[in-house]
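Contents: one structure, followed by commentary.
Here is how names work: the chains are called A, B, and so on, in the same order as the sequence lines, proteins then strands, and each is numbered from 1. Only this structure's heavy atoms are used, side chains among them; waters, hydrogens and symmetry mates stay out.
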Amino acid sequence: RVSSDGKPPKFQPPPKPVIIDKKTQKEERRFLSPEFIPPRGRTDPLKYYIERKDMIQRRKVLNIPEFYVGSVLAVTTADPYASNKSNRFVGICIQRGGKGLGATFVLRNVIEDQGVEICYELYSPRIQAIEVLKLEKRLDENLMYLRDALPEYSTFDVNMKPVSPMDQEEIPVNKLQVRMKPKPWSKRWERPKYNIKGIKFELPEHKMKAAQKWSQPWLEFDMLREYDTSKIEEKIWKELSEEREK
Amino acid sequence: MMPIWTKSGEKRAVTLLKVQDCHVLRYVSKEESGGKTAKLLVGGKNGSPFSKPESAHEIFKEAGVPPKQKVTTFNVTDDAIIKPGTPLYAAHFRPGQFVDVTAKTIGKGFQGVMKRWGFKGQPASHGQTKTHRRPGAISTNKAAKVYRGKKMPGKMGNIYRTSFGLKVWRINTKHDIIYVNGSVPGHTNCLVKVRDSKLPTYKDCNKNPPFPTFFADGDEELPEDLFDEEIFQFTDPSVTYA
């Protein structure tokens, strides 16, 4: 470059590096476990408050990580009949049920060609550790159809290494479409009441159309069924952060 | 209702009962009541004064207490008499004690014989004409009458029933909540009477109960939560089998 004076150009300092503090950005994503949200009903909120205090006490002792239906977990429980007195089971979470202290999750795996499903209680004192080997979401919230899918979709290596998260803001959604065994299935998964998006239906067109006969299109417009949990979640989040500071 | 775990890792179901504004209303002596023991009238939850007639307000005015929704009697020995107007708290009971719980069962309305009494009914097919849930025969030929108390359709539920011998697992003194083993008659948030168990197996189970009752302004300072010995407290580490 030739400047107007003939002297070398004025020293331009390099642009200041913009420090994006990833830690503060990551804190914005809050996960409230679904069993904290009380169901709709006529019970006194005091009961849920007391249950939440017990749940927080237990979480202080045992770390219950964030996980969703579709993530692969490894759970070690105390077992009086096993050598070493402890039992480790690896599986994909197919369902999370229950509210409060009775919250459960079902893990599924195929071990030596035998499908095994175990329903664990999150707050049971026999659970010694819960690790998330792979944190991801699937297209549905209930993966019970894996029972009628080909066994390759439910097999997970028992000695799998934990896959570290990508440190992104959002949890990866696995858009896998699962192939099924031939009919009959345990439930008619093609019917609209199950609203399943994660199956690759290889049924003929007329059967898919016949299944739409059982659709109830008025349900999504029914206002009495709406349960807005945003304000309840805010209150519970404040309560939890206060308790955690104590 | 809530789950609870023991120290050996077993799960039990537990019902939460809240003691809400209970006061002793009146003392009725043995001669006055005509029974074997003296009685104490106890009132439960505070209610609106407009739902009861003026004549019912006298008891509450005497004791100096707001009108209550429910009034029950407890048979009491002479050394356990309490002055009317004293409040009663959940700390009156201790964990490890056994308790009887009385309440009105959920009303089911007019019900048929299969639901009300558990009759088997008749088969669904194989030639049954219009007879699937009927009682069938109601008496024999020789009796020539129907006995009193024959089980027939009628109004079911909404009557007082008691669950006996329920163990108290935990007491929360701050919110006055009693955790009682198993289920209890009545719907959620219904009024319930809790009494020391009268079963002969649990006659000597209570070691040092607060006698005659737990007084809040006394010297005793109780912790917020009282647990039974066998219960797993969430502050302990996870259960392991050695």
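Around atom NZ of K207(A), no more than 12 heavy atoms belonging to other residues, nucleotides or ligands sit under 6.0 Å away. A 6.0 Å sphere centred on OH of Y227(A) holds more than 12 heavy atoms belonging to other residues, nucleotides or ligands. The environment of R40(A) atom CZ is dense: over 12 non-hydrogen atoms of other residues, nucleotides or ligands sit within 6.0 angstrom. For E224(B), the CD atom counts as densely surrounded, since its 6.0 Å shell holds more than 12 non-hydrogen atoms of other residues, nucleotides or ligands. Within a 6.0 Å radius of NZ in K60(A), more than 12 heavy atoms belonging to other residues, nucleotides or ligands are found. For D222(A), the CG atom sits in a packed shell: over 12 heavy atoms of surrounding residues, nucleotides or ligands are nearer than 6.0 Å. Environment of CD in Q20(B): crowded, with over 12 heavy atoms of neighbouring residues, nucleotides or ligands closer than 6.0 Å. Remark: D157(A) CG is packed, more than 12 non-hydrogen atoms of other residues, nucleotides or ligands lying under 6.0 Å away.
Between the side chain of D54(A) and the backbone N or O of F234(B), no donor-acceptor pair lies under 3.5 Å.
Only the backbone of I127(A) comes within less than 4.5 Å of a heavy atom of chain B; no side-chain atom from C-beta onward does. Only the side chain of K11(B) comes within less than 4.5 Å of a heavy atom in chain A; its backbone stays farther off. For I4(B), no part sits under 4.5 Å from any heavy atom of chain A, backbone or side chain. Contacts of T235(B) with chain A are made by both backbone and side-chain atoms, with heavy-atom separations under 4.5 Å. For a residue to count as touching a neighbouring chain, one of its non-hydrogen atoms must lie under 4.5 Å from one of that chain's; by this rule Y49(A) touches chain B with the side chain only. Only the side chain of K53(A) comes within contact range of chain B, with at least one heavy atom under 4.5 Å from a heavy atom of that chain. For D225(B), no part lies under 4.5 angstrom from a heavy atom of chain A.
Interatomic distance, NZ of K47(A) versus OG1 of T188(B), reported as 10.0 Å (0.5 Å rounding). Distance CZ/R170(B) to CD1/I50(A): 7.5 Å, rounded to 0.5 Å. A distance of 8.5 Å separates CH2 in W5(B) from CZ in R58(A), rounded to the nearest 0.5 Å. If you take CZ on R42(A) and CG on N189(B), they are separated by 8.0 Å, rounding to the nearest 0.5 Å. Separation of atoms NE2 (H175(B)) and CG (D44(A)) is listed at 11.0 Å; rounding is to 0.5 Å. Expressed to the nearest 0.5 Å, how far CD of Q57(A) lies from CD of Q233(B) amounts to 9.5 Å.
A 4.5 Å side-chain heavy-atom check between L46(A) and K18(B) finds at least one atom pair inside the cut-off.
Considering all non-hydrogen atoms of both residues, V239(B) and Q128(A) come closest at O-NE2, 3.6 Å. Scanning all heavy atoms of the two residues, the minimum distance from P125(A) to S238(B) falls at O-CB, 3.2 Å.
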